[in-house]
Amino acid sequence: MPPIYSKEWNRITIQVRGDHRQGRTSPCEHACPLGNGIQQMHTLIAAGETGKALARLHARNPFPGITGRVCPHPCETKCNRAEYDEPVAIHALERFAADTGHETRFIPLPASGKRVAVVGSGPAGLTAARFTALLGHAVTVYESAPVMGGVPRHAVPDFRLPKDVVDRETGAIVASGVQVRTNVTVGRDITLQSLLDTYDATILAVGLWKERRLDIPGKEHLVPAVGWLKRSTLERQSLTGKTVVILGGGGVAFDCAFTARRLNADAVHIVCLEPTDAMRAPAEEVQQALDEGIVIHNSHLSHAVAPEGGRLRFEARPVTSFSFDETGALHTEFAPGDPLCMNADLVICASGLQTDETPLEGVDMARTPRGFVAVDPVSFR
């Protein structure tokens, strides 16, 4: 019998929701945030139909070359094959399809006469632009940076995501007819209200670029993580003989740690609130960090940083537990014992990101307790 897929349709169909009308869903596809047709993709690759496999991916995701490299692939943790020996390498197969498959051009619906503005050209903004254009609408993307691509283009290190892959996949969006206006900051060069008045719909996909700096004594000596990653991508300044301390336990913190290692830092330390069994980074990245000699100090809250003898003296206090309230305020219980103290040449703050409210200038919008724009949970308006 032929294989029966979670969703077996005779033609490629672009859908709004990943699980829409799925009567039976495999565990891997259920775990995929994009709802990729994983089983069909694998069957097509095995049959040598890599182009068709790529088309199946593009029906849900315009950037399989990017996600095939940087996605934490929760699909593999749910793979049925793991009950027999080990999960199928879904992540690698997605990357293979993106790098070797011949791209299929999707034909958009007839022109609707509607115009849509998208603010931000990161993965969310360009994905919205692509599928909106396929529905027949005229789409214009506004991007404040000189080049489009968002975090994958500007902040993800080259060793994790080559820039030519980002340029290839974002360029395909432009080739499909989407207009992109770079070096235009909404809220400064053009107002959001003018977009709301001009276009039939406006999509905000500005991302989180404003870095949250820890409010501790000596915070002026902390270097923001994303800004440092962007500079390191361009400058590649050597850290030979230097000790680097990174504050935070998420993906950005580990990107900083891996980058510092590749810039020949003598020692790299990660200091984070999370205990060992609750790290916010994927388990394989934590293991890779340990394999590369990066020291992780779990369950510590950064306390102070100060100059000392031409270097920086860093201090953190051990904690037994912590929590955040609905406003995002941190509450901790400290453990007895001496603080963690060390000397460093560079202390990078990777303590989280928040919305840059420049695009919202002049527009009154309701906010959540944490300060985000309040939206309808179904329509996201």
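None of these values were measured; they are calculated from a predicted model. These numbers come from the heavy atoms of this one structure, side chains and all, not from hydrogens, waters or symmetry mates.
Heavy-atom contacts from other residues, nucleotides or ligands closer than 6.0 Å to CG of L109 number more than 12. Residue H102 qualifies as open at atom NE2: its count of foreign heavy atoms under 6.0 Å is 12 or below. Within 6.0 Å of CD in E220 there are more than 12 heavy atoms belonging to other residues, nucleotides or ligands. In the displayed structure, D291 atom CG is contacted under 6.0 Å by more than 12 heavy atoms of other residues, nucleotides or ligands.
The pair D85-R81 counts as a salt bridge, with a side-chain nitrogen and a carboxylate oxygen less than 4.0 angstrom apart. Look at K163 and D167 and you find no salt bridge, because none of the NZ, NE, NH1 or NH2 atoms lies under 4.0 Å from a carboxylate O. In this structure, R60 does not pair ionically with E29, as no charged nitrogen and carboxylate oxygen lie closer than 4.0 Å. Salt-bridge formation is detected for the pair D158/R236: a Lys NZ or Arg NE/NH1/NH2 atom is positioned less than 4.0 Å from an Asp or Glu carboxylate oxygen.
Among all heavy-atom pairs drawn from R311 and N343, the shortest one is NH1-CB, 3.6 Å. Contact detail for A133 and V178: the closest heavy-atom pair is CB-CG2, 3.9 Å. Here the closest non-hydrogen pair linking P318 and P336 is CG-O, 4.4 Å. C32 and I38 get closest at one heavy-atom pair: CB-CD1, 4.4 Å. Here the closest heavy-atom approach between residue V226 and residue A155 is recorded as CG1-CB, 4.0 Å. Across all non-hydrogen atoms, the minimal contact from P64 to A98 is C-CB, 3.7 Å.
Contacts classified as side-chain hydrogen bond (donor to acceptor under 3.5 Å, both in side chains) and involving residues 201-213 (residues at least two apart or in different chains) are not found. Applying the side-chain hydrogen bond (donor to acceptor under 3.5 Å, both in side chains) rule to pairs touching residues 141-150 yields S121-E143, Y142-R181, Y142-Y199, sequence neighbours excluded.
A side-chain donor-acceptor contact under 3.5 Å links E76 to the backbone of H91. At least one donor-acceptor pair closer than 3.5 Å links the side chain of N61 to the backbone N or O of F63. In this structure, the side chain of R130 does not engage the main chain of A172 through any donor-acceptor pair within 3.5 Å. With Q39 contributing its side chain and S26 its backbone, the two residues share no donor-acceptor pair below 3.5 Å. The closest donor-acceptor contact from the side chain of H42 to the backbone of Q40 lies at 3.5 Å or more, if one exists at all. Counting only distance, with no hydrogens or angles, the side chain of T358 and the backbone of G187 share no donor-acceptor pair below 3.5 Å. No donor-acceptor pair closer than 3.5 Å links the side chain of R56 to the backbone N or O of K52. Between the side chain of Q193 and the backbone N or O of G362, no donor-acceptor pair lies under 3.5 Å. Between the S176 side chain and the I173 main chain, a donor and an acceptor come within less than 3.5 Å of each other. A donor-acceptor pair is defined here as one N or O able to donate and one able to accept, closer than 3.5 Å; such a pair exists between the side chain of H154 and the backbone of V147.
Between the NZ atom of K219 and the OG atom of S351 there is a distance of 11.0 Å, given to the nearest 0.5 Å. Interatomic distance, CD1 of I90 versus SG of C79, reported as 5.0 Å (0.5 Å rounding). To the nearest 0.5 Å, the span separating OG on S302 from NE2 on H300 amounts to 10.0 Å. Taking CD from E94 and OG1 from T67, the interatomic distance works out to 3.5 Å, rounded to the nearest 0.5 Å. Atom CZ of F314 sits about 13.5 Å away from atom OG1 of T243, to the nearest 0.5 Å. Atom CG of residue L222 and atom CD1 of residue I348 lie 10.5 Å apart, to the nearest 0.5 angstrom.
For D200, the side chain to side chain donor-acceptor pair (under 3.5 Å) test picks out no residue, with sequence neighbours left out.
In this structure the side chain of K242 never reaches within 4.5 angstrom of the side chain of L346, judged on heavy atoms. Between V295 and I270 there is no side-chain heavy-atom pair separated by less than 4.5 Å. Annotation: side chain of R317 is not in contact with side chain of T332 (no heavy-atom distance under 4.5 Å). With a 4.5 Å cut-off on side-chain heavy atoms, I66 and V156 do not count as touching.
The same ILVMFWY cluster, assembled from side-chain heavy atoms under 4.5 Å apart, contains both V268 and L229. Hydrophobic cluster membership is shared by V119 and M365, with clusters built from Ile, Leu, Val, Met, Phe, Trp and Tyr side chains linked at under 4.5 angstrom. Residue V166 is grouped with residue F159 when hydrophobic side chains (ILVMFWY) are merged at heavy-atom distances under 4.5 angstrom, including chains of intermediate members.
Shown are V223, L247, V271; of these, the side chain to side chain contact (heavy atoms under 4.5 Å, CB included) with V347 is made only by L247. Under the side-chain hydrogen bond (donor to acceptor under 3.5 Å, both in side chains) test applied with Q288, the options E285, E292, E284 reduce to a single match, E292.
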- Message: Apply side-chain contact (heavy atoms from CB on, under 4.5 Å) to residues R168 and D99 and explain how you reach the verdict.
- Response: CA-CA 10 Å; R168 179 188 74 208; D99 291 349; 3.2 Å; yes
- Task: May I have the step-by-step check of side-chain contact (heavy atoms from CB on, under 4.5 Å) for F322 and L301, ending in yes or no?
- Result: CA-CA 10 Å; F322 69 94; L301 177 65; over 6 Å; no
- Query: Can F254 and I246 be said to form a side-chain contact (heavy atoms from CB on, under 4.5 Å), step by step?
  - Reply: CA-CA 8 Å; F254 278 83; I246 298 136; over 6 Å; no
- For I203 and F380, what are the C-alpha separation, side-chain angles and deciding distance, and is it a side-chain contact (heavy atoms from CB on, under 4.5 Å)? CA-CA 10 Å; I203 299 171; F380 292 100; over 6 Å; no
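Side chains of S112 and H137: a donor-acceptor N/O pair is present below 3.5 angstrom, by distance only. For the residue pair S238 and N264, no side-chain donor N or O sits within less than 3.5 Å of a side-chain acceptor on the partner.
Figure legend: cation-pi geometry between R160 and F258 absent, as NZ or CZ is not positioned both under 6.0 Å from the six-membered ring centre and within 45° of its axis.
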